[in-house]
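Hydrogens, waters and symmetry mates play no part in the numbers below; they use all other heavy atoms, side chains included. Whatever order the structure lists ligands and atoms in, that order sets their numbers, starting from 1.
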Amino acid sequence: MSDVSMVVNGRKVSGTVEDRTLLVHYLREHLGMTGTHVGCDTSQCGACVVHMDGKAVKSCSILAAQASGSEILTIEGLADGAELHPIQAAFKEHHGLQCGFCTPGMIMAATDMIRRHPDGLDEKTVRAELEGNICRCTGYHNIVKAILAASATMAKGSKGKARKAA
Ligand code: FES
Ligand code: FES
């Protein structure tokens, strides 16, 4: 057994888990946070993507014990109260989801992607970056559209902030 403790969406959590417990199972089964999905057992689908210390990771490929001491952000922690995160808002506006199963992982992967490309994204880059996220409904066209729109909105927002600060 392993003692684990981490910060999840700003809240400190701790507990004792079997050594083999995956981070995704810790989140879903121990913490009851079922927004992070499990869509495969081969680390291919990306439905389980969360952020660990600010970087997107597949939570099915990390042990809870390995994540101990980290800061984890899941889909539940993205919105600001009732206000959707700009990426969630863009998925809603551009119909970037159908059944919604892949959506939490897509959005968490997109958030990291946009953070790493603060000056904006192009379609080719988004499609290449989404290599590790599978949508069984094949809704890629609108997913890509939503990510490009969110990236443009967020780049504009940060330029506005930079201008104000200057
Ligand atoms: Fe993690 Fe599929 S459940 S990649
Ligand atoms: Fe159904 Fe992507 S929206 S799997």
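Of the protein's non-hydrogen atoms, Arg136 N, 3.2 Å is the one closest to atom 4 (S) of ligand 2. In this structure, the protein non-hydrogen atom closest to atom 3 (S) of ligand 2 is Gln98 N, 3.2 Å.
With rounding to the nearest 0.5 angstrom, the CD atom of Glu76 is 4.0 Å from the CE atom of Met33. To the nearest 0.5 Å, atom CG of residue Leu78 and atom CD1 of residue Ile107 are 7.0 Å apart. Distance NE2/His85 to CD1/Ile75: 9.5 Å, rounded to 0.5 Å.
Side-chain contact annotation: Ser14 with Asp3, donor-acceptor N/O pair under 3.5 Å absent.
Residue-ligand proximity: Gly100 is placed with a non-hydrogen atom under 4.0 Å from ligand 2.
Ligand-side atoms of ligand 1 in range of Gly39: 3 (S), range being under 4.0 angstrom from any heavy atom. Per-residue contacts place Cys45 under 4.0 angstrom from the following atoms of ligand 1 (heavy atoms of the residue considered): 2 (Fe), 3 (S), 4 (S). Residue contact check: Cys137 has heavy atoms under 4.0 Å from atoms 1 (Fe), 3 (S), 4 (S) of ligand 2.
Taking backbone and side-chain atoms together, Cys102 has no N/O/S atom less than 2.8 Å away from atom 1 (Fe) of ligand 2. Not one N/O/S atom of Cys135, from backbone or side chain, sits under 2.8 Å from atom 1 (Fe) of ligand 2.
At least one donor-acceptor pair closer than 3.5 Å links the side chain of His51 to the backbone N or O of Met108. Between the side chain of Asn142 and the backbone N or O of Lys145 there is no donor-acceptor pair closer than 3.5 Å.
Rounded to 10 degrees, the SG-metal-SG angle spanning Cys60 and Cys48 at atom 1 (Fe) of ligand 1 equals 100°.
Of all non-hydrogen atoms in His25 and Val38, the two that sit nearest each other are NE2-CG2, 4.4 Å.
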